[in-house]
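Whatever order the structure lists ligands and atoms in, that order sets their numbers, starting from 1. All values reported here derive from a predicted model rather than from experimental measurement.
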Amino acid sequence: MVELRYLRQERLPHLWCPGCGHGIVLGAVIRAMARVGIDRDRVVVVSGIGCSSRAVGYLNTDALHTTHGRALAFATGIKLARPELKVLVLAGDGDLAAIGGNHLIHAARRNIGVTCVCFNNSIYGMTSGQYSPLTPAGAKATTAPYGHLERDFDLCRVVEAAGATYVARSTTYHIHQTIEYVARALAHEGFSFVEVLSQCPTYFGRRNRMGDAVKLLEWYRQRAVTVAQAQRMTPEELRGRVVIGELGRDDSVPEYTRSYLDLIARVREAEAPDGLRQVGAGCAASSRPTAEQAGKAAGGDGR
Ligand SMILES: Cc1ncc(C[n+]2csc(CCOP(=O)(O)OP(=O)(O)O)c2C)c(N)n1
């Protein structure tokens with residue numbers, strides 16, 4: 001199987017709890033990488049801290065396991081330094097929506113060419129079940145023993161409003177859609193974001209008396225409505241449901257590092273002494289990849 005080349009099989013068995021959805025998300029990511037034909041030598045995978053962030057350790061690519069909430073800050077630095085690389089962030093809902101929320105907003109706002117997969121298990125898994133911003137209203141957590149008081153929070157809508165140019169949501173039950181959305185996100189040039197609901201039977205399921213992993217997968221199936229179905233539903237009917245599908249896409253916005261490289265080339269050209277303009281422009285092109293080269297190396301068509 002072609003996707004196995006992306007997996008460090010010698011690291012298996014993985015450390016996730018029995019029934020955890022994170023392995024299913026990782027499986028979807030490697031299948032998506034195979035579908036898009038990601039070159040293992042031209043991709044960097046970046047994570048923060050959490051159960052989900054351990055996923056990068058199983059990938060047979062260059063990887064950076066960083067600090068809690070900062071994966072997108074590191075990813076932004078990598079993309080700016082090496083725009084020709086594909087940069088993929090794998091992180092949890094706590095990591096991306098709480099401590100790292102600001103990085104998420106600004107990565108989306110810049111439309112930087114990073115793909116971000118949010119492993120949303122609705123809880124802080126690694127630290128044993130505190131609520132996260134994506135814990136559903138009323139659900140129990142170690143820090144919400146009588147039910148979560150805060151209202152539901154739609155991270156995809158936040159990211160889209162902030163300026164992300166590819167946004168999709170799926171679940172570990174809807175695995176074919178998950179693979180396809182991650183593949184489309186990887187093929188997208190600007191900032192792409194895929195939220196995947198991933199069951200946590202150990203902390204979320206047990207505390208909420210929701211049963212085992214299979215029951216949680218059934219819960220995803222029952223709660224999920226497609227974008228088309230949601231459009232025909234009232235806000236009351238949508239309460240407690242989760243909208244899955246491609247939620248937003250805009251190919252007209254320039255990717256950030258492309259604009260950055262163009263700016264460097266323009267400034268060098270403008271600042272070079274008259275007689276040296278041609279030479280200066282040549283230097284800029286040889287020391288840094290052009291926007292076209294960067295796009296091609298990342299699997300794009302160089303537009
Ligand atoms: C700066 C900082 N604050 C807090 C922590 C403790 N911590 C580690 S993982 C984590 C939450 C993990 O939850 P999430 O990001 O949702 O990922 P999951 O484990 O559920 O996959 C926290 C709070 C930390 N490591 N660093």
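Annotation: cation-pi geometry satisfied between Arg223 and Trp219 (NZ/CZ under 6.0 angstrom from ring centroid, within 45° of ring axis).
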>> Is there a side chain to side chain contact (heavy atoms under 4.5 Å, CB included) between Thr143 and Tyr131? Walk through the geometry before answering.
In response: CA-CA 6 Å; Thr143 45; Tyr131 64 76; 3.1 Å; yes

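Protein neighbours of ligand 1 below 4.0 Å, counting non-hydrogen atoms: His22, Ile49, Gly50, Cys51, Ser52, His68, Gly92, Asp93, Gly94, Asp95, Ile99, Asn121, Ile123, Tyr124, Gly125, Met126, Thr127.
A salt bridge links Arg258 and Glu189; the closest N-O separation between the charged side-chain nitrogens and carboxylate oxygens is under 4.0 Å. For Arg184 and Glu246, the salt-bridge test passes: some basic side-chain N is under 4.0 Å from an acidic carboxylate O.
Between Trp16 and Phe119, the ring centre distance reaches or exceeds 6.0 Å.
With sequence neighbours excluded, the residues satisfying side chain to side chain contact (heavy atoms under 4.5 Å, CB included) with Ala164 are Ala108, Val159, Val167, Phe191.
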